[in-house]
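One structure is given below, encoded as structure tokens.
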Number of protein chains: 2
Amino acid sequence: LSEYRLRCISCGKEFSKEEVEYTCPVCGDRKGTLEVIYDYEFLSKRIDRNLFRKYSSKGIWQFKDILPVRKDMVFPALEVGSTPVYFHKDIAKQFNLSGFSIKDDGRNPSASYKDRASAVAVVKAKEKNYDTIFCASTGNAASSLACFSAVSNLNCVIFVPATSPEAKLAQMQVYGANVIAIDGSYDMAFDISMKVGLTKGWYCRNSAINPYLLEGKKTGALELAVQYDWKPPDYVFVSVGDGTVYSSFCKGFYDLKQLGLIDKLPIVIGVQSEKISPIADAFEKGKPFEPIDVEGNSVADSIAVGKPRDVIKAVTYAKRFNGNFVKVTDEEILDAIAQLARTTGVFAEPAGAASFAGFKKYARLNSLEGKNVSIIVTGNGLKDLKSAMKKVGSVKIYPADEEVIREAFQ
Amino acid sequence: LSEYRLRCISCGKEFSKEEVEYTCPVCGDRKGTLEVIYDYEFLSKRIDRNLFRKYSSKGIWQFKDILPVRKDMVFPALEVGSTPVYFHKDIAKQFNLSGFSIKDDGRNPSASYKDRASAVAVVKAKEKNYDTIFCASTGNAASSLACFSAVSNLNCVIFVPATSPEAKLAQMQVYGANVIAIDGSYDMAFDISMKVGLTKGWYCRNSAINPYLLEGKKTGALELAVQYDWKPPDYVFVSVGDGTVYSSFCKGFYDLKQLGLIDKLPIVIGVQSEKISPIADAFEKGKPFEPIDVEGNSVADSIAVGKPRDVIKAVTYAKRFNGNFVKVTDEEILDAIAQLARTTGVFAEPAGAASFAGFKKYARLNSLEGKNVSIIVTGNGLKDLKSAMKKVGSVKIYPADEEVIREAFQ
């Protein structure tokens with residue numbers, strides 16, 4: 001079904017999918033990221049709500065008619081997407097909302113949101129007859145790509161900062177990727193990945209460069225709409241690093257609206273760390289949008305991105321669709337981990353809990369009264385134990401002595 | 001629907017659910033674990049295959065008519081069960097099987113099979129008006145109970161060996177449980193938990209003691225039958241610690257056969273570590289079955305149980321239903337982790353990968369030609385990184401220098 005064209009986010013020039021592989025040749029990698037544009041009029045006659053199911057056996061592939069993949073491809077044998085949405089009346093009441101939910105994307109195969117993009121990436125690599133795929137990553141995109149490459153029989157080369165959490169590095173190794181752990185930042189790893197990967201002729205899974213990855217990520221929005229019975233929440237909170245996940249929510253809802261499947265676009269609020277917030281800063285500065293690169297770091301490694309590669313699209317979408325950004329402190333992120341786990345049973349990594357911290361801050365600064373809110377948990381807490389332990393402390397060790405232990409409960 | 005009685009696995013005496021809380025008063029905790037017995041004739045007239053769905057929105061609760069819970073209870077707001085089954089033709093071909101699948105229970109809320117039991121445990125605790133629940137655990141049952149207690153507003157006390165993997169201890173802390181980490185083995189933690197927990201009047205979630213927990217665990221078998229369209233595999237491989245998970249597969253398939261929903265009982269093969277295999281040993285020794293306690297340890301912490309509490313039921317079921325046991329080395333378990341991850345994209349903790357190691361060994365020692373086989377991955381690899389890393393090694397760190405990295409690919 002889904003014939004599509006590519007359009008530059010900056011200059012608006014359109015390309016056929018055969019003309020361009022990654023970014024706009026005029027505007028370049030940084031400003032010329034491409035949007036995937038469907039023939040909505042054609043599609044809307046062929047797609048209706050009944051095509052999609054709340055609990056689909058196919059995960060993200062139930063949306064294949066609005067994904068840029070060949071329909072005859074074999075999809076990887078891993079269940080990606082169909083992650084749970086939990087509704088919490090108590091939290092809704094506490095913040096005077098009409099509804100509150102958590103979408104737990106830590107339940108994906110490699111335990112992060114990035115699996116939605118990696119699944120599409122390996123299908124595209126196969127479609128284009130590549131045998132090797134590469135990416136730069138703070139950790140999650142890499143462990144995800146390692147996982148999907150393994151099950152798809154693709155060689156996988158990863159460029160990652162050596163400071164990436166232990167669990168993410170372990171995943172890459174276990175899945176058998178070729179890991180280049182760089183003594184430097186994600187931003188450095190990214191630049192090196194592009195220079196080495198492209199000259200080697202490998203397929204690029206950097207989601208700001210490869211226009212198809214945002215399309216995989218947008219399935220989070222599509223699922224949310226289905227799980228909300230086509231009346232999606234008023235607000236969606238999600239953490240922001242490079243910017244692609246933010247844009248993917250905007251794009252997913254936009255696609256559904258163009259197809260007549262939802263009536264109203266949710267407002268997407270991006271959450272950044274106060275210590276490293278180049279996308280929020282660029283949005284605040286306003287038009288004409290320019291990348292503002294910064295130095296910095298955050299306990300939320302997944303969004304510790306000083307030179308965001310997909311900033312122009314993120315701020316353009318935020319402007320176009322009435323979105324916004326909010327900044328939180330590392331302290332607030334760490335508090336949110338335990339709070340979320342203890343009230344909802346969802347253990348999130350720092351960037352995953354940042355959406356909850358961002359929601360709470362936004363609710364304090366702006367009125368959300370009567371609104372329906374959903375937060376996205378983009379990664380499982382098991383992926384970064386060190387950060388989680390900063391707040392809750394280690395376990396206390398007792399001798400194997402009944403009396404001593406009994407006393408502890410007096 | 002599900003009225004039920006309790007029956008001692010050793011003496012066969014039956015009890016009403018009001019008469020006994022945990023184990024047979026005559027045979028005691030160790031030998032007198034109870035079976036939950038339904039009125040199959042009554043139920044089989046009211047239950048048919050159409051009641052159950054391959055992809056249910058309700059996870060394990062779609063089976064509530066054959067679970068020992070009050071139907072008016074509020075179930076915890078976490079999606080438990082409905083874990084994926086992946087079919088792998090290449091592995092089937094390699095071992096001359098008619099089919100091979102992996103059921104990945106690492107995709108549960110706290111990332112292990114134990115969530116199936118904890119979900120039932122917190123519902124029973126609420127039903128019985130307890131405000132505190134306790135368990136002893138090698139790690140997974142505890143992190144799982146901590147998770148489900150958090151979302152159910154129950155106090156949770158955990159008795160766990162202090163050597164439990166870091167990730168499992170972290171989960172318990174983050175979920176806000178009261179963790180008693182004991183300088184000793186799981187077996188010591190168990191004994192202390194019973195002495196302290198019962199005198200304190202807390203609800204006991206030790207799955208060998210509490211007859212309802214096996215019923216929660218049996219949903220793994222029920223799901224597998226549904227996912228196999230009611231023609232379950234010939235063989236199911238699952239790792240064995242205390243023995244309850246092994247028995248839960250036997251019992252789940254037995255229930256379905258009694259209800260006329262499946263025609264044939266799969267053969268369940270329990271996998272133990274060669275270094276600590278008291279259940280396999282007791283089965284080998286034969287009738288009359290007696291516990292054989294051993295000292296030992298294994299890289300697979302979840303099944304490093306020297307004094308298994310549910311051994312009598314496990315070996316009785318193995319005998320009754322033509323099951324068997326197989327022992328694997330720690331080396332084989334560690335090899336299985338990387339092999340499974342690199343061929344299927346499923347990253348398992350050691351005890352989870354043990355099922356794969358056990359399958360491979362069993363296939364070498366016995367003929368499985370033409371058989372349909374499923375292995376159960378009972379825990380996510382993110383729960384024990386140290387063990388996984390033993391085989392694959394750490395990442396190599398490179399300077400942030402394009403030329404140096406380019407050379408690495410010459």
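Order of the sequence lines sets the chain letters (A, B, ...), proteins ahead of strands, with each chain counted from 1. Since this is a predicted model, take the numbers as computed values, not measurements.
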Top of A:Lys195, A:Gln339, A:Lys396, A:Lys200 for chain B proximity - count of heavy-atom pairs under 4.5 angstrom: A:Lys195
Considering all heavy atoms, the nearest B:Asp384-B:Ser387 contact: OD2-OG, 2.7 Å
Top of B:Thr199, B:Asp104, B:Val160, B:Thr83 for chain A proximity - count of heavy-atom pairs under 4.5 angstrom: B:Thr199
Between B:Cys147, B:Ala167, B:Ala338, the one whose heavy-atom pairs under 4.5 Å with chain A are most numerous: B:Ala167
Most chain A-contacting option - heavy-atom pairs closer than 4.5 Å, from B:Val196, B:Leu78, B:Thr343, B:Val151: B:Leu78
Residue pair B:Arg107, A:Glu79: steps toward the salt bridge (charged side-chain N to carboxylate O under 4.0 Å, His left out) verdict: CA-CA 10 Å; B:Arg107 294 283 289 276; A:Glu79 209 173 293; 5.2 Å; no
B:Phe75 side chain reached by B:Val122 side chain, heavy atoms, under 4.5 Å: no
B:Ala170, part contacting chain A, at a heavy-atom distance under 4.5 Å: both
Per-residue contact mode, B:Val157 against chain A (heavy atom under 4.5 angstrom): side chain
Worked verdict on B:Arg53 versus B:Glu223 for salt bridge (charged side-chain N to carboxylate O under 4.0 Å, His left out): CA-CA 9 Å; B:Arg53 297 262 167 272; B:Glu223 267 177 29; over 6 Å; no
No-hydrogen, no-angle side-chain donor-acceptor test under 3.5 Å, A:Asn140 and A:Glu349: yes
Between A:Phe347, A:Phe148, A:Phe159, A:Tyr175, the one whose heavy-atom pairs under 4.5 Å with chain B are most numerous: A:Tyr175
Carboxylate-amine/guanidinium contact B:Glu166 B:Lys383, below 4.0 Å: no
Residue selection (most heavy-atom pairs with chain B, distance under 4.5 Å) from A:Ser394, A:Gly59, A:Gly106, A:Pro399: A:Ser394
Neighbours of chain B found in residues 176-192 of chain A - heavy atoms under 4.5 Å: A:Gly176, A:Asn178, A:Val179, A:Ile180, A:Ala181, A:Ile182, A:Asp183, A:Met188, A:Ile192
A:Asp301 vs A:Lys168, salt bridge (charged side-chain N to carboxylate O under 4.0 Å, His left out): CA-CA, chis, key distance, verdict: CA-CA 11 Å; A:Asp301 66 292; A:Lys168 301 180 187 184; 2.8 Å; yes
Test item: side-chain donor near acceptor, B:Ser101 and B:Ser374, under 3.5 Å: yes
Salt bridge (charged side-chain N to carboxylate O under 4.0 Å, His left out) between A:Arg406 and A:Asp401, intermediate numbers included: CA-CA 9 Å; A:Arg406 220 178 259 289; A:Asp401 180 331; over 6 Å; no
Among B:Leu169, B:Val174, B:Val392, residue most engaged with chain A (heavy-atom pairs, under 4.5 Å): B:Val174
Heavy-atom closest contact (A:Pro350 atom, A:Ile333 atom, distance): O-CG2, 3.3 Å
